[in-house]
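Here the structure comes first, spelled out in structure tokens, and everything after it is commentary.
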Amino acid sequence: MDIIASGSNTIEEPLVMAIGTFDGIHLGHQQLIKTLKDKASLYKCASAIYTFDRHPLNVLCPDKTPALLMNNKQKLSVLRQYGIDYVILNEFNKAFADTPADKFVNNILFGLYDVKSVIVGFDFTFGYKGQGNAQLLKDEGRKRGIDVVIVPPVKVNGITVSSSLIRRLVSDGCVEEAACYLGRPFALLGEVHTGHKIGHKLGFPTANLTPDPEVVVPRRGVYATEVVISGMEGIWKAVTNIGTRPTFNDTHISVETHILDYGGWLYGRELEIRFISRLRDEMSFSSPKQLVRQIREDIDRAREVLENLDKASSASQSSSESH
Ligand SMILES: Cc1cc2nc3c(=O)[nH]c(=O)nc-3n(C[C@H](O)[C@H](O)[C@H](O)COP(=O)(O)O)c2cc1C
Ligand SMILES: Nc1ncnc2c1ncn2[C@@H]1O[C@H](COP(=O)(O)OP(=O)(O)O)[C@@H](O)[C@H]1O
């Protein structure tokens, strides 16, 4: 996958292109990506995602910039897994926001790139003050013989999937529901740093992460999680506490994960923490001994939740193989 920074086009081959912010790469975005790949094989050309280096509200209305579902690093890594050929990471600055809709169509989209087909979502708007919409783009495409596809809303139980809905669910701690709209668990990515060295003394060492300040953090509490450790095979079962550790009178919010059946150093490694299920609120205990008793219970519950998940996924795998 090639990442094209901005401005001039360095892609010489014909393209099929999907346009959008793609925060979270949720089920709606995944439908755009599926259409993109289908069109790329139909037209026998490369697939490209045209997206932005920051959320457009960062420039349009900084006070309303949401905490995102993923940073660019995570976004690019997920797009790579979908086998996209090019990602155009356009710099969303004031000048770009001021581009009139017709200029975006003529000078950028159909001017810079040799596009055979363009895929956008039903609510796509573009150009200065969002003057342009999906239908306008379709009309402009028709004039040039370019196939513009408008993907209708993807719904789960009658509710339209959207990044803002999922951000709200994650920040409320509803990680199971968030996963239903994302099509995979919400995940935080970060490097392990040293903490207060209390974990080992309690018998439960925890890998501490500082999450990217741009990314939404699930509500304070304890979660059953799955962890991918950079440079190591497999997916590890774990429990993650998000909070201020009131038992130790700390006030600083931390994300700390105890990985089940693991021993060894993780400092400096990158972890991806996938939030599977919320177990409880963070509490203040009157002694470390009581906290330890509770952590043991948390581990038992997390193990049960995660083992049931394994069983459910192997059952659905074997039923799809037998069909
Ligand atoms: C599963 C789990 C649940 C936790 N729950 C709480 C809690 O309810 N209240 C609290 O004060 N600390 C809680 N902690 C945080 C511990 O206090 C923390 O792991 C300890 O302070 C270690 O910090 P350190 O990694 O900086 O050494 C929890 C930790 C884990 C792993
Ligand atoms: N099962 C485990 N889960 C998480 N971290 C572990 C585990 N076993 C060993 N470690 C290591 O122990 C460190 C955490 O120990 P801890 O006493 O909590 O120290 P700190 O306060 O620096 O986080 C982790 O960063 C990691 O390197």
Side-chain angles (χ1 to χ4, degrees), residues 71 73-74 77 169-179 185-213 215-310:
N71 59 21
K73 187 173 178 184
Q74 278 172 291
S77 139
L169 289 169
V170 171
S171 72
D172 288 347
C174 306
V175 293
E176 289 104 327
E177 213 181 331
F186 170 78
L188 286 177
L189 205 69
E191 205 173 275
V192 179
H193 62 78
T194 50
H196 302 297
K197 309 274 178 202
I198 302 169
H200 265 114
K201 288 186 207 138
L202 296 177
F204 300 104
T206 54
N208 298 17
L209 296 192
T210 305
D212 187 326
V215 174
V216 62
V217 174
R219 194 178 120 207
R220 281 170 61 176
V222 179
Y223 297 84
T225 54
E226 287 183 336
V227 174
V228 177
I229 306 170
S230 66
M232 288 174 71
E233 289 278 313
I235 297 172
W236 298 79
K237 294 181 171 52
V239 267
T240 299
N241 181 57
I242 298 186
T244 54
R245 298 177 282 206
T247 309
F248 299 97
N249 299 319
D250 203 345
T251 50
H252 178 77
I253 194 131
S254 70
V255 176
E256 41 182 350
T257 300
H258 174 71
I259 303 170
L260 311 191
D261 313 316
Y262 177 84
W265 295 118
L266 292 168
Y267 296 125
R269 288 214 193 237
E270 190 165 78
L271 300 191
E272 180 188 319
I273 303 172
R274 301 176 180 168
F275 291 82
I276 307 297
S277 180
R278 183 177 170 88
L279 300 179
R280 65 171 173 91
D281 287 344
E282 189 183 41
M283 299 185 284
S284 180
F285 292 90
S286 46
S287 70
K289 210 169 154 188
Q290 281 188 327
L291 170 63
V292 165
R293 197 176 303 137
Q294 179 60 51
I295 292 179
R296 274 203 198 101
E297 266 180 44
D298 295 336
I299 289 174
D300 289 347
R301 277 192 58 207
R303 207 185 280 284
E304 195 183 317
V305 167
L306 299 168
E307 280 172 0
N308 285 339
L309 192 77
D310 282 352

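Throughout, numbering of the chain's residues begins at 1 and tracks the sequence. Here the structure is a predicted model, which means the values were calculated and not measured. Just the heavy atoms: all of them, side chains too, but no hydrogens, waters or symmetry mates, feed the values below. Whatever order the structure lists ligands and atoms in, that order sets their numbers, starting from 1.
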Just heavy atoms, cut-off under 4.0 Å: does Glu256 contact ligand 1 by side chain, backbone, both, or neither?
-> side chain
Heavy-atom contacts with Gly263 under 4.0 Å: which atoms of ligand 2 show up? List them by number with element.
-> 8 (N)
Does Lys237 come within less than 4.0 Å of Asp310, counting only side-chain N to carboxylate O?
-> yes
Per atom 23 (O) of ligand 1, closest listed option by heavy atom (Lys197, Arg301, Arg245) | Arg245
Short list, please: which atoms of ligand 1 are under 4.0 Å from a heavy atom of Asp298?
-> 1 (C), 3 (C)
Looking only at distances, please establish whether an N/O atom of ligand 1 is found under 3.5 Å from an N/O atom of His258.
-> no
So the atoms of ligand 2 within less than 4.0 Å of a heavy atom of Ile259 turn out to be 1 (N), 2 (C), 3 (N), 4 (C)
When you look for heavy atoms under 4.0 Å from ligand 1, do you find them on the side chain of Leu291, its backbone, both, or neither?
-> side chain
Backbone or side chain, does any N or O of Met283 fall under 3.5 Å from an N or O of ligand 1?
-> yes
In terms of ring plane angle, is the pair His200 and Trp265 parallel, tilted or perpendicular, where the classes change at 30° and 60°?
-> perpendicular
Heavy-atom contacts under 4.0 Å between Ile198 and ligand 1: side chain, backbone, both, or neither?
-> both
Decide whether an N or O pair under 3.5 Å exists between Tyr262 and ligand 2.
-> yes
Ligand-residue contact atoms, ligand 1 with Thr247, heavy atoms, under 4.0 Å = 9 (N), 10 (C), 11 (O)
among protein heavy atoms, the one nearest atom 27 (O) of ligand 2 is Leu266 N, 2.5 Å
What residue and heavy atom of the protein are closest to atom 23 (O) of ligand 2, and at what distance?
-> Thr206 O, 2.9 Å
Enumerated ligand 1 atoms positioned under 4.0 Å from heavy atoms of Val239 = 1 (C)
Where on His196 is there a heavy atom closer than 4.0 Å to ligand 2, on the side chain, on the backbone, on both, or on neither?
-> backbone
Best match, Ser254, Gly264, Ala238, Gly203: closest heavy atom to atom 10 (N) of ligand 2 | Gly264
For a side-chain hydrogen bond (donor to acceptor under 3.5 Å, both in side chains) with Arg303, tell me which candidate from Asn308, Asp261, Asp298 qualifies.
-> Asp261
State whether the number of non-hydrogen atoms from other residues, nucleotides or ligands found under 6.0 Å of Lys197 atom NZ is greater than 12.
-> yes
Which pair of heavy atoms, one from Val192 and one from Leu266, lies closest together, and at what distance?
-> CB-O, 3.4 Å
